[in-house]
Every structure is written in structure tokens, then in C-alpha cells.
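Values below: every heavy atom of this structure, side chains too, minus hydrogens, waters and symmetry copies.
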Amino acid sequence: MATRNEIEIKFRVDDVRALNRRLRKSGFRLLTPRTHEINTLYDLPGQLLRKRGELLRLRRYGPEWLLTHKAKGKVGRHKTRVETETKVADGTKMEAILRALGFAPTFRYEKFRAEWSDGKGHVVVDETPIGNLGEIEGPSRWIDRTARALQVPPGDYITATYSDLFFQWKKQNGSSADEMTFNAIRHKTPR
């Protein structure tokens, strides 16, 4: 089980191929090729974790399962929060355990993710149902240097969560989707 201080920003990606070229040119190597990911957030009755600014997530990333807790974060130019994460052998059994303890699913979201690294930090490229986003995660100064190299100005930094971004998108687009999955977005968004 790993506990670490997560420091990151997100940014919108208009052209995934162009971003991939900039990553290679900047010395990044692809760690994980484009892989399907499905995430379920869990909370207790009354949304106690959300009210405290915390998150409990069960993620299936390709064949792997991960359980993650994120503590309440601090938001400045970058978002910082303590993250504790562990691999789970059987996601279905983990979900049963969470439900037995009183946790219930509150939000699902999916994406296709590719992970890149230069050995000092990570950049991920996420293709989501509400558009393509990148994340830069590492030490604060490294994030800013990497953002400059990838042509991401500080004014384009995003510190919102995926659920926050989904609900903003939902309001802007008049969608009745209740989760950020490709199927829900396709069938619940006016054309």
C-alpha cells in the first residue's frame, strides 16, 4: 500500500496526437498504452466523505483493480492531496466488502488513459466522454516546467475533479446523464 502526496493539474487536450508528439520530443516515454479504465466512487449515507472533501474510489484499469482514498486537498495553482492506494486482487469481492461496510456507489466515470513519464513525474492523456484531458503529476516546479514544454499556459490549469467537470459539462450541455460513461453520454445528451 502506497501513501503519497499527490500534486497535479489537469488541462484540456484538443489534439491527442500533437500532445503525444510533444511528450516524445520533451523526453517522455510511454509507460502504459491507451487502456480502458472504469472508476466507481463510494460514499457512506449522507455523503460523509464528499462533505469532508475526501474520495474513495475502486478503479479497474485494464486487468488491474486499485482501491484509492484521497484525503481533503488544498487547491492553489496545483491541487495537492494525500493519496493512499493499493492493488486489489478481486474487484467484485472488494465492491461486496465496501457495500457490506455501508458504502454505496455514488458516481461512475470511464476513460481511455495512456501514461507517460520522464522519470521525474507523470503525464497522463485521458480520452473521456466529455472530451480529452491531460494530467501532469509530480513536484510543483516540475509541473510548471512540463506544462510550458507541452504548451499548456497556467491559465489553462484545471484543479477540478472528474465528477466536478462532469457536472459542469452536464449543465452546459443539458444532458440528463447521471454518470460519465460513454454509453450514458451517448444516450442522454440532446443532439
Side-chain angles (χ1 to χ4, degrees), residues 1-2 4 6 8-13 16 32-73 75 79 81-115 122-137 158-191:
M1 184 164 60
R4 64 190 177 86
E6 175 189 65
E8 69 177 15
I9 58 113
K10 291 180 180 70
F11 60 96
R12 299 230 175 258
V13 177
V16 170
T32 309
R34 185 178 183 267
T35 302
H36 184 253
E37 176 183 298
I38 186 83
N39 301 273
T40 305
L41 302 184
Y42 289 84
D43 210 331
L44 295 164
Q47 302 232 343
L48 297 177
L49 293 178
R50 183 173 177 84
K51 287 177 183 172
R52 292 192 314 231
E54 298 180 50
L55 174 148
L56 181 62
R57 178 184 68 209
L58 183 60
R59 169 181 283 172
R60 183 172 190 170
Y61 186 53
E64 290 190 353
W65 289 91
L66 295 166
L67 183 67
T68 306
H69 172 262
K70 293 188 180 194
K72 182 176 180 167
V75 176
K79 180 189 227 171
R81 62 200 301 186
V82 174
E83 175 182 85
T84 305
E85 187 168 73
T86 189
K87 288 186 180 183
V88 174
D90 186 324
T92 304
K93 287 182 181 172
M94 186 72 242
E95 180 179 10
I97 291 168
L98 291 171
R99 286 177 180 267
L101 294 171
F103 289 90
T106 57
F107 182 65
R108 280 183 0 123
Y109 62 103
E110 74 177 322
K111 55 194 170 186
F112 287 91
R113 170 171 276 188
E115 296 178 279
H122 286 86
V123 175
V124 298
V125 181
D126 290 340
E127 298 170 51
T128 84
I130 62 169
N132 301 325
L133 292 145
E135 286 185 11
I136 305 173
E137 183 178 330
I158 299 169
T159 56
T161 66
Y162 272 110
S163 61
D164 292 337
L165 291 172
F166 168 72
F167 287 106
Q168 290 169 12
W169 175 90
K170 181 177 167 164
K171 186 177 181 181
Q172 290 170 347
N173 290 279
S175 175
S176 62
D178 58 358
E179 58 184 25
M180 195 176 95
T181 61
F182 291 100
N183 192 43
I185 298 292
R186 186 171 24 255
H187 297 294
K188 300 282 186 161
T189 303
R191 297 187 194 265

For K70, all residues meeting salt bridge (Lys or Arg N to Asp or Glu O under 4.0 Å), sequence neighbours excluded: E6, E83

Any residue meeting ring pair (Phe, Tyr, Trp, His ring centres under 6.0 Å) with F112, in chain and number order, not counting sequence neighbours: H36, F182

For R50, salt bridge (Lys or Arg N to Asp or Glu O under 4.0 Å) partners two or more places apart: D164

Pairs where residues 97-107 contributes a residue and the test salt bridge (charged side-chain N to carboxylate O under 4.0 Å, His left out) is met, not counting sequence neighbours: E95-R99

With sequence neighbours excluded, residues passing ring pair (Phe, Tyr, Trp, His ring centres under 6.0 Å) with F103: none

All side-chain hydrogen bond (donor to acceptor under 3.5 Å, both in side chains) counterparts of T92, not counting sequence neighbours: none

With sequence neighbours excluded, residues passing salt bridge (Lys or Arg N to Asp or Glu O under 4.0 Å) with D43: none

side-chain hydrogen bond (donor to acceptor under 3.5 Å, both in side chains) against T181, all qualifying residues, sequence neighbours excluded: E179

Residues forming a salt bridge (Lys or Arg N to Asp or Glu O under 4.0 Å) with R59, sequence neighbours excluded: E37

R12: side-chain hydrogen bond (donor to acceptor under 3.5 Å, both in side chains) partners, not counting sequence neighbours: none

Electrostatic pair E137:K79 at N-O distance under 4.0 angstrom: no

Residues in ring pair (Phe, Tyr, Trp, His ring centres under 6.0 Å) contact with F166, at least two apart in sequence or another chain: F107

Any donor-acceptor N or O pair under 3.5 Å, side chains E115, Y61: yes

Partner residues of Q168 under the side-chain hydrogen bond (donor to acceptor under 3.5 Å, both in side chains) criterion, sequence neighbours left out: none

